[in-house]
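Quick one: structure below, then a few questions.
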Amino acid sequence: MSWLKKEIDHLSEFVQEHGARHALKEGVVATFKTVSGAVDRNDNHDDPEEKQVDKIRESICASHRFRSFAGERSRNAVKWYIDGHDYFWAVSEILESARQCIFILDWWLSPELYLRRPPSDFPQFRLDRLLKRKAEQGVKVYICVYKEVTQTMNMSSNHTKEALQALHPNIKVMRHPDHIGSKNDVQFWSHHEKVVVVDNHRACIGGLDLCFGRWDTHNHPLADCHPTDFTRTLFPGQDYNNGRVMDFQQVDNFVSSQISILETARMPWHDVHLALAGPAVLDIVQHFVERWNKIKKEKYNDDVTYDWLAFPHNIAKFPQEPVSKLPYADVWNSIGAKFQNKWQPDDDSQPSGESSGSGLNALTPFQPPEGATAAVYDDHYQQTTGTCNVQVVRSVSDWSHGVLKEQSIQNAYIQLIQEANHFIYIENQFFLSNAADGGPVVNKIAKALVERILSAAREGKKFKARIFTPVFVVLPEVPGFSGDIEKEGAIKTIMAGQWRTMNRGGNSIYELIRKAGYEPTDYIRFYHLRAFDRINGPKSFIDQMARDSGVSFFQAQIAQARVFLGNDTPWKQDKIQITAPATYSGENTSDLGTTEKQGTTLVEEVKFYENLDEAKQVVRKFERAAGRSDEEVSDSLSQHLLADTTSLMDEQWLGSEQEEKDCYVTELLYIHSKVMIVDDRRVIMGSANINDRSQKGDGDSEIAVVVEDTDQIQTTVDGRPFVANRFAATLRRKIMKEHLGLIPPQFCETGKEPVTSFMRAVPYPSEDETQSSEDELVADPLSDQFLELWDGTARKNRQIFGEIFKTVPTDVVRNWDQYKAYLPKVKTGHVASDLPIYQIKQKLSGIRGALVTAPIDFLIEENGLVTGPEWLGLNPTLPIYI
């Protein structure tokens with residue numbers, strides 16, 4: 001094909017040299033670039049020098065566990081964060097500490113994201129303002145974001161780039177990949193990493209993008225209605241979203257809130273992330289530098305405003321570093337911007353306890369001075385040493401990273417499962433894998449689970465408990481896309497793929513275990529999360545305030561969002577349309593249900609308040625019309641899912657009983673985590689989902705870390721003495737305590753709540769909860785007491801949610817006819833019971849935590865869902881979803 005490539009190149013040059021009209025010229029050149037790339041997909045790996053580089057990279061990967069580009073690094077301080085409230089506070093501390101450089105990789109980045117909340121109390125911690133402040137101090141900010149397919153996605157990476165680069169010349173943003181008109185067109189795949197690195201010293205990896213919809217507390221409120229004090233808003237503008245009802249729209253217009261917060265619950269967000277300080281940061285920086293320079297060469301080669309970057313590694317002093325073998329390392333180091341490497345100092349100081357030449361550990365063990373303030377603590381821990389061994393793994397290929405395929409994340413998942421001795425806990429946004437050979441799904445994580453379970457069963461080992469073996473898998477009830485399950489192809493395809501992984505289609509986990517003569521539910525079970533809340537919006541009260549003020553609720557809401565926007569952010573729209581799910585009417589109920597997108601109706605069109613003072617006056621005018629305080633009425637009741645000291649039955653309401661009933665809502669608690677915990681000793685956490693897109697290497701680009709702590713704690717497994725690793729054990733326990741409602745509520749109402757140890761940046765240690773009574777309840781995941789608590793809570797919660805809200809999916813529904821008959825004739829997520837409000841509150845008081853059983857028999861009689869032609873390789877778009 002080289003002859004065709006040459007002819008295409010010659011024709012491209014001809015078009016450029018001759019005076020074709022500019023638009024035509026651009027179109028022709030773009031077309032030829034696309035054709036050229038399609039003709040020679042191996043263009044970056046076919047000449048002798050490129051083949052030699054590939055050979056070197058392969059030898060490096062072959063020398064490392066999981067065939068990763070990076071080896072294991074010791075003495076890292078690693079800290080986990082559960083949910084956005086804690087992580088975003090920590091990342092705000094880390095960003096604020098920057099002195100030289102900030103590196104960010106993100107799938108989606110929202111410049112107007114508030115890292116600390118309520119927004120009214122922390123205006124300076126909006127992401128764009130924080131980055132601008134650091135850039136003005138001389139910090140260089142480098143950001144790579146995924147360039148979305150604009151016809152199908154709504155992240156507006158162009159807005160991200162334009163808004164941030166307009167702030168200061170020290171901020172540079174790259175978008176990648178191009179989808180048409182370049183030599184390196186990419187149609188399906190995305191950059192999916194969520195990485196922050198500051199000063200080559202601290203790094204963050206996990207599931208949380210710096211974007212709208214991710215910030216959430218442990219309470220996971222569904223409501224954010226504050227009719228008498230809009231400054232208490234937690235989710236301003238675009239941040240109040242429910243992806244099951246309506247996807248984000250026009251995200252470059254921060255003020256927009258397309259769904260009515262008086263009628264529609266937000267979709268709460270559960271996620272996990274980690275931050276680390278230690279030598280493994282160097283491997284994360286290597287990943288970023290390789291990505292940045294690949295895009296620089298591909299898209300910005302002649303643009304001098306975009307730096308080349310150098311590796312931070314001190315190769316001269318530490319020549320054993322793998323990057324020293326890469327031929328381009330010297331070139332990049334000679335032309336690229338290079339920032340201080342605190343983990344491999346240039347002086348002759350040696351890391352404590354280390355032999356000369358390693359340079360891979362922190363400088364001194366850390367003991368905080370007695371009575372130290374947080375500020376002193378932060379200054380002192382620049383010299384800390386950690387206790388965790390960390391290995392960075394990734395999914396990359398030529399399109400994403402300029403390298404041959406690496407799938408070390410999948411390799412790590414499979415090996416960690418194979419080496420499990422007691423139990424496995426998995427939380428993931430998806431669960432699409434192949435438990436056998438053949439078929440369209442190629443990743444073999446499910447196969448590893450089946451083989452490990454059957455191996456233990458056949459050997460008669462105590463991998464099995466009397467109730468069931470703890471392979472816990474927690475995933476969302478429904479994929480987080482808007483649409484009706486029956487009609488929306490993406491939702492239906494993903495759910496079918498997950499059923500094929502779990503219990504249907506002939507080669508699922510359950511079916512293969514059952515074929516081997518064992519009961520699968522004795523070994524592995526699946527769970528979801530769901531929440532409820534009450535919107536503080538009694539219709540009579542809201543209507544009275546509107547009449548007396550001459551201002552509608554939505555005008556006040558949009559005006560408050562305009563206040564949050566401030567005068568330092570450009571605005572782009574004149575009108576904002578507020579919509580709500582349509583009320584049931586007619587005989588066709590297929591579009592109705594608690595997790596289904598209904599038809600939407602326009603509630604109100606509100607003008608954008610260009611003048612900031614006018615917006616403030618609109619808000620005050622509406623609030624003053626209340627005529628009374630509603631301080632005794634809670635703006636959210638979600639705290640009652642956790643270990644609150646008050647009772648749901650004691651909650652006050654200033655409206656009619658019917659209005660209160662109308663304001664109770666439920667929604668799935670969306671799981672976005674990408675984490676697996678094995679035996680309370682090993683953790684893999686990062687950006688990778690359990691599906692082919694993330695795991696196969698040449699799909700989405702991903703990054704993760706495998707963490708093994710050397711700080712150990714004494715505990716029990718199945719009642720026997722056991723030594724667990726602190727990082728893994730405390731993470732698993734805290735997650736389970738939250739899901740079971742065993743932690744206190746996390747309030748975020750005044751901006752004056754205490755900053756807990758769990759919110760502080762690494763390596764500030766989290767409070768030790770291992771001796772608490774709540775921790776004791778979840779410490780031994782193989783005990784009969786724990787297993788009954790876990791499964792019993794999930795079953796009870798599921799029963800109550802089904803009775804009050806008729807939630808979907810449900811095992812009651814086994815085919816499409818039953819589906820249509822079952823769906824409640826109510827607005828999305830609202831009460832579907834005829835019980836009076838007092839009895840509804842009594843029943844909801846019985847819910848503890850958000851854990852519910854997975855209804856894996858939902859639509860199980862519709863065999864065509866899992867055996868249709870698309871699963872025989874006849875659907876060319878299937879790889880997009882799996």
Side-chain angles (χ1 to χ4, degrees), residues 53-76 78 105 191-195 197 203-206 274 276 278-291 294 311-313 318 320-326 328-329 343 358 360 388-419 442-445 448 674-676 678 681-690 692-709 727-728:
V53 171
D54 290 337
K55 186 176 180 180
I56 292 170
R57 288 201 196 100
E58 174 60 24
S59 69
I60 291 172
C61 292
S63 69
H64 293 150
R65 184 178 62 162
F66 312 133
R67 298 187 67 84
S68 171
F69 79 105
E72 297 174 77
R73 306 260 195 182
S74 63
R75 296 195 177 186
N76 297 275
V78 188
L105 288 177
H191 289 303
H192 199 239
E193 300 100 324
K194 303 93 169 59
V195 175
V197 182
C204 308
I205 283 180
L274 63 77
L276 63 94
V281 171
L282 298 179
D283 299 320
I284 300 168
V285 175
Q286 177 188 342
H287 181 79
F288 182 89
V289 168
E290 290 173 341
R291 173 70 49 75
K294 173 207 163 43
F311 289 132
H313 307 67
F318 306 106
Q320 83 287 356
E321 280 288 341
V323 296
S324 67
K325 302 175 183 179
L326 299 174
Y328 48 78
W343 304 112
S358 70
L360 301 185
C388 291
N389 299 326
V390 173
Q391 185 176 7
V392 182
V393 289
R394 64 187 184 181
S395 294
V396 290
S397 62
D398 181 66
W399 85 261
S400 62
H401 217 72
V403 302
L404 296 177
K405 184 173 79 168
E406 178 182 334
Q407 58 175 45
S408 52
I409 294 178
Q410 182 182 170
N411 296 343
Y413 264 94
I414 290 172
Q415 185 171 330
L416 293 178
I417 291 168
Q418 291 171 338
E419 294 173 355
V442 299
N443 83 81
K444 293 299 194 293
I445 292 173
K674 297 94 169 56
V675 63
M676 181 173 74
V678 177
R681 288 180 173 168
R682 294 163 146 189
V683 175
I684 181 168
M685 183 192 300
S687 66
N689 294 312
I690 296 180
D692 275 1
R693 290 189 65 111
S694 290
Q695 297 289 338
K696 68 178 186 173
D698 54 1
D700 293 347
S701 63
E702 309 282 5
I703 193 167
V705 292
V706 178
V707 181
E708 299 176 71
D709 201 347
F727 180 86

Check your understanding: How would you list, by chain and number, every residue that makes a ring pair (Phe, Tyr, Trp, His ring centres under 6.0 Å) with His191, sequence neighbours excluded?
Key -> His176, Trp399
Exercise for review: List for me each residue that meets side-chain contact (heavy atoms from CB on, under 4.5 Å) alongside Val442, sequence neighbours excluded, and say none if there are none.
Suggested key: Asp692, Lys696
**Study point:** Smallest separation among heavy atoms of Ala412 and Val393, with atom names
**Key:** CB-CG1, 4.5 Å
Check your understanding: Which heavy-atom pair separates Ala203 from Val197 by the least distance, and what is that distance?
Key -> CB-CG2, 3.9 Å
Revision key, fill the gap. All heavy atoms of Lys194 vs all of Gly206, minimum pair found to be CD-O, 3.3 Å
Practice item. Would you mind reporting whether Ile690 and Tyr413 have side-chain heavy atoms less than 4.5 Å apart? Key: yes
Check your understanding: Quick one: does Ser395's side chain get under 4.5 Å of Asp700's, heavy atoms only?
Key -> no
Check your understanding: Any donor-acceptor pair under 3.5 Å linking the side chain of Glu406 with the backbone of Ser68?
Key -> no
Check your understanding: Got a donor-acceptor contact below 3.5 angstrom from the Asn76 side chain to the Ala280 backbone?
Key -> yes
Check your understanding: Can you name the side chain to side chain donor-acceptor pair (under 3.5 Å) partners of Gln695, sequence neighbours left out?
Key -> none
Review point. Residues in side-chain contact (heavy atoms from CB on, under 4.5 Å) with Gln407, at least two apart?
Key: Lys405, Gln410, Asn411
Check your understanding: Can you tell me how far the OG atom of Ser74 sits from the CD atom of Gln391, to the nearest 0.5 Å?
Key -> 12.5 Å
Revision key, fill the gap. Between Ala704 and Ile205 the two heavy atoms that sit nearest each other are CA-CG2, 4.3 Å
Exercise for review: Could you tell me which non-hydrogen atom of His192 sits nearest to which non-hydrogen atom of Asn689, and how far apart they are?
Suggested key: CE1-ND2, 3.6 Å
Study note, to complete from the structure: Residues Lys294 and Ser400: closest non-hydrogen pair is CD-O, 3.6 Å
**Study point:** Residues Glu702, Lys674; criterion salt bridge (Lys or Arg N to Asp or Glu O under 4.0 Å); working and verdict
**Key:** CA-CA 11 Å; Glu702 309 282 5; Lys674 297 94 169 56; over 6 Å; no
Review point. Under a 4.0 Å N-O cut-off, is there an ion pair linking Glu193 with Arg291?
Key: yes
Point to revise | Ser687 side-chain N/O to Ile703 backbone N/O, donor-acceptor pair under 3.5 Å | key: yes
Review point. Hey, is Arg73 close enough to Glu321 for a salt bridge, meaning N to O under 4.0 Å?
Key: yes
Point to revise | Distance (rounded to the nearest 0.5 Å) between Ile684 CD1 and Phe66 CZ | key: 7.0 Å
Review point. How long is the gap from CE on Met685 to CG on Leu274, to the nearest 0.5 Å?
Key: 5.0 Å
Practice item. State whether Glu290 and Arg394 are salt-bridged, where the test is any N-O pair (Lys NZ or Arg NE/NH1/NH2 against Asp/Glu carboxylate O) under 4.0 Å. Key: yes
Exercise for review: Not counting sequence neighbours, which residues clear ring pair (Phe, Tyr, Trp, His ring centres under 6.0 Å) with Phe311? List them please.
Suggested key: His313, Trp332
Check your understanding: In terms of side-chain geometry, is the basic nitrogen of Glu708 or Arg65 positioned less than 4.0 Å from the acidic oxygen of its partner?
Key -> yes
Review point. Does Lys325 have any side-chain contact (heavy atoms from CB on, under 4.5 Å) partners at least two apart in sequence or in another chain, and if so, which?
Key: Ile56, Ile60
**Study point:** Close side-chain approach of Gln286 to Asp283, heavy-atom, < 4.5 Å
**Key:** yes
Check your understanding: Should Ile284 and Leu276 count as side-chain neighbours, where that means a heavy-atom distance under 4.5 Å?
Key -> yes
Exercise for review: Run through Val392, Leu105, Val195 and flag the one making a side-chain contact (heavy atoms from CB on, under 4.5 Å) with His287.
Suggested key: Leu105
